[in-house]
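First the structure, in the form of structure tokens, and then the observations on it.
Note that these values count all heavy atoms, side chains included, but never hydrogens, waters or copies made by symmetry. FYI, the numbering just counts along the sequence from 1. Both counts, for ligands and for their atoms, begin at 1 and track the order of listing.
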Amino acid sequence: MKRNIFVTRPTLPPLEEFIPYLEQIWENKILTNGGPFHRQLEDELCRYLGVDNICLFTNGTIALVTALQALRVAGEVITTPYSFVATSHSLLWNGIKPVFVDVCASTLNLDPAKIEAAITPQTTAIMPVHCYGHPCDVEAIQKIADNYNLRVIYDAAHAFGVEDEEGSVLRHGDLSVLSFHATKVFNTFEGGAIICPDAKTKLRIDQLKNFGHVGEVNVVAPGINGKMSEFNAALGLLQLKHLDEAFARRKKIDLAYRERLHGVRGIHCLPGSGEKIANYAYFPILVKPDYPIARDELNERLKDKGIYPRRYFYPPISEFPMYRGLPSSYRENLPIAFEASGQVLCLPLYPDLEIEVVDEICRLIAEQ
Ligand SMILES: *Cc1c(COP(=O)(O)O)cnc(C)c1O
């Protein structure tokens with residue numbers, strides 16, 4: 001029997017647990033526009049994540065676009081080339097020029113030491129990514145932002161549930177943006193959110209995601225339709241109930257990979273986030289030059305066995321046609337991002353992945 005093991009597979013709670021939510025929606029006849037499930041999910045997520053204000057969205061990309069609108073970011077924004085393309089696309093959708101700065105080799109997050117050199121009079125903000133859920137150097141980034149009067153908007157699409165010593169990593173910066181896409185650790189099929197520091201900002205974002213409507217006949221901004229529906233909010237409420245269990249299973253798989261790949265020549269596992277609370281969203285390895293075969297060859301050989309890792313993130317965003325012509329996109333400016341992009345492979349990781357399959361994947365990697 002040919003089985004396929006993909007990089008991720010959504011865990012769905014038992015269907016019968018979802019039926020009561022559907023019945024409630026049918027009974028309420030409120031389908032969207034900030035209905036009861038929407039409000040309940042905002043409350044429960046604030047509690048779960050340990051944040052004060054959250055605005056739910058239809059997806060993470062619209063949330064990113066709206067976050068930039070809410071802070072009236074314009075001109076140039078410093079960002080990372082080592083991410084999913086939606087990070088920079090949100091800038092283009094606001095008519096903002098992305099300025100790519102290289103990442104740190106140890107974390108693959110935006111390198112604070114290289115940010116200052118990229119600041120110009122047009123720079124208004126920094127948009128870093130907590131890549132694979134590993135927190136950015138938030139203090140160094142905030143210091144630069146304070147010195148130059150810049151906004152910080154975190155693309156925190158990978159960082160659901162991640163905590164540092166003082167609490168949620170989502171409290172950093174001016175705003176943090178989450179994605180609840182089907183492939184993420186917490187999903188509502190499609191969905192997203194903005195974490196914001198105060199009720200006033202939340203109010204503005206809630207207006208922007210509802211066409212800029214205030215009351216029945218007032219429109220105060222050229223807003224968008226970014227609202228999360230009751231169906232998606234209900235899915236979120238149900239997923240939340242099973243989340244701790246899912247994180248525990250992810251942790252076990254992460255640990256199994258680390259143990260089994262330890263000492264395999266040419267394979268480098270990116271470090272976990274130590275004692276802090278991680279979410280084990282991804283398991284990226286770097287296939288180094290002293291590994292017997294190239295990354296793409298390893299990828300092909302695993303695929304032949306029905307195992308489908310993903311090259312997150314290959315190529316760097318700066319290589320796509322709409323970014324390639326930018327002055328900051330040239331390869332010499334981004335050596336670490338280019339190197340990592342040529343070596344990275346994200347191995348399968350999802351809650352019901354069997355440890356026997358992890359064994360097999362690691363055996364295949366070790367015996368090349
Ligand atoms: C998934 C993801 C997004 C986009 O989120 P959607 O909900 O799919 O729109 C943005 N940035 C990063 C880093 C992501 O991984």
Side-chain angles (χ1 to χ4, degrees), residues 6-10 41 45 54-69 77-94 96 98 100-101 103 107-110 125-136 152-162 169-170 172-173 175-195 205 209 224-229 231-233 235-236 239 270 278-284 309-318 320 322-323 337 340-341 344 346 349-350:
F6 295 104
V7 70
T8 186
R9 204 171 73 170
L41 183 59
L45 280 174
I54 191 167
C55 308
L56 299 178
F57 272 79
T58 183
N59 61 59
T61 305
I62 296 287
L64 281 169
V65 170
T66 308
L68 291 159
Q69 287 268 323
V77 170
I78 289 170
T79 189
T80 169
Y82 194 80
S83 180
F84 181 59
V85 72
T87 310
S88 318
H89 276 2
S90 72
L91 299 173
L92 293 194
W93 273 78
N94 278 289
I96 294 165
F100 294 112
V101 163
V103 294
T107 61
L108 303 181
N109 284 331
L110 201 56
I126 308 171
M127 184 181 270
V129 177
H130 300 298
C131 196
Y132 308 128
H134 194 95
C136 289
V152 182
I153 296 150
Y154 282 103
D155 179 340
H158 299 178
F160 186 97
V162 175
V169 76
L170 304 171
H172 295 291
L175 298 171
S176 285
V177 178
L178 291 167
S179 165
F180 304 152
H181 182 255
T183 55
K184 305 299 205 272
V185 290
F186 168 76
N187 88 78
T188 57
F189 289 15
E190 290 273 6
I194 302 179
I195 310 296
I205 291 170
K209 78 173 191 192
I224 199 161
N225 183 358
K227 301 183 299 306
M228 177 182 279
S229 82
F231 182 86
N232 300 92
L235 282 168
Q239 303 266 23
L270 283 164
N279 65 7
Y280 310 97
Y282 302 89
F283 199 84
R310 284 293 293 269
R311 293 173 292 175
Y312 291 143
F313 292 99
Y314 171 83
I317 297 176
S318 49
F320 292 118
M322 62 298 293
Y323 300 105
S341 188
V344 75
C346 281
L349 174 49
Y350 47 86

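- Of the protein's non-hydrogen atoms, S179 OG, 3.2 Å is the one closest to atom 5 (O) of ligand 1.
- Counted by atom type alone, H89 and Y323 present one or more donor-acceptor pairs between their side chains at under 3.5 Å.
- When non-hydrogen atoms are compared, ligand 1 lies under 4.0 Å from neither the backbone nor the side chain of E190.
- Every atom of ligand 1 is numbered from 1 in the order shown, and the set under 4.0 Å from a heavy atom of A86 is 4 (C), 10 (C).
- At a threshold of 4.5 Å between non-hydrogen side-chain atoms, the residues L45 and F180 count as touching.
- Residue-ligand proximity, H181 to ligand 1, at heavy-atom distances under 4.0 Å covers atoms 7 (O), 8 (O).
- For atom 3 (C) of ligand 1, the closest non-hydrogen atom of the protein is F84 CD2, 3.7 Å.
- Side-chain atoms of T66 come within 3.5 Å of backbone atoms of I62 as a donor-acceptor pair (strictly under, hydrogens ignored).
- The protein atom (non-hydrogen) at minimum distance from atom 2 (C) of ligand 1 is K184 NZ, 3.0 Å.
- Checked against a 3.5 angstrom limit, the closest N/O atoms of G60 and ligand 1 fall inside it.
- Contact annotation: S83 has at least one heavy atom less than 4.0 Å from an atom of ligand 1.
- Of the protein's non-hydrogen atoms, H158 NE2, 2.9 Å is the one closest to atom 15 (O) of ligand 1.
- Classification of the H158-Y132 ring pair by plane angle, with boundaries at 30° and 60°, yields parallel.
- Only side-chain heavy atoms of D155 come within less than 4.0 Å of ligand 1; its backbone N, CA, C and O stay farther off.
- Ligand 1 has an N or O atom lying under 3.5 Å from an N or O atom of T61, backbone or side chain.
- The side-chain tip of K209 points at the ring of F57 from less than 6.0 angstrom away and within 45° of straight on.
- At least one heavy atom of G191 sits less than 4.0 Å from an atom of ligand 1.
- Side-chain contact, N94 with Q69: a donor N or O sits under 3.5 Å from an acceptor N or O.
- Rounding to the nearest 0.5 angstrom, the gap separating the CG atom in L68 from the CD1 atom in I153 is 4.5 Å.
- Looking at H181 and S179, their side chains never bring a donor and an acceptor atom within 3.5 Å of each other.
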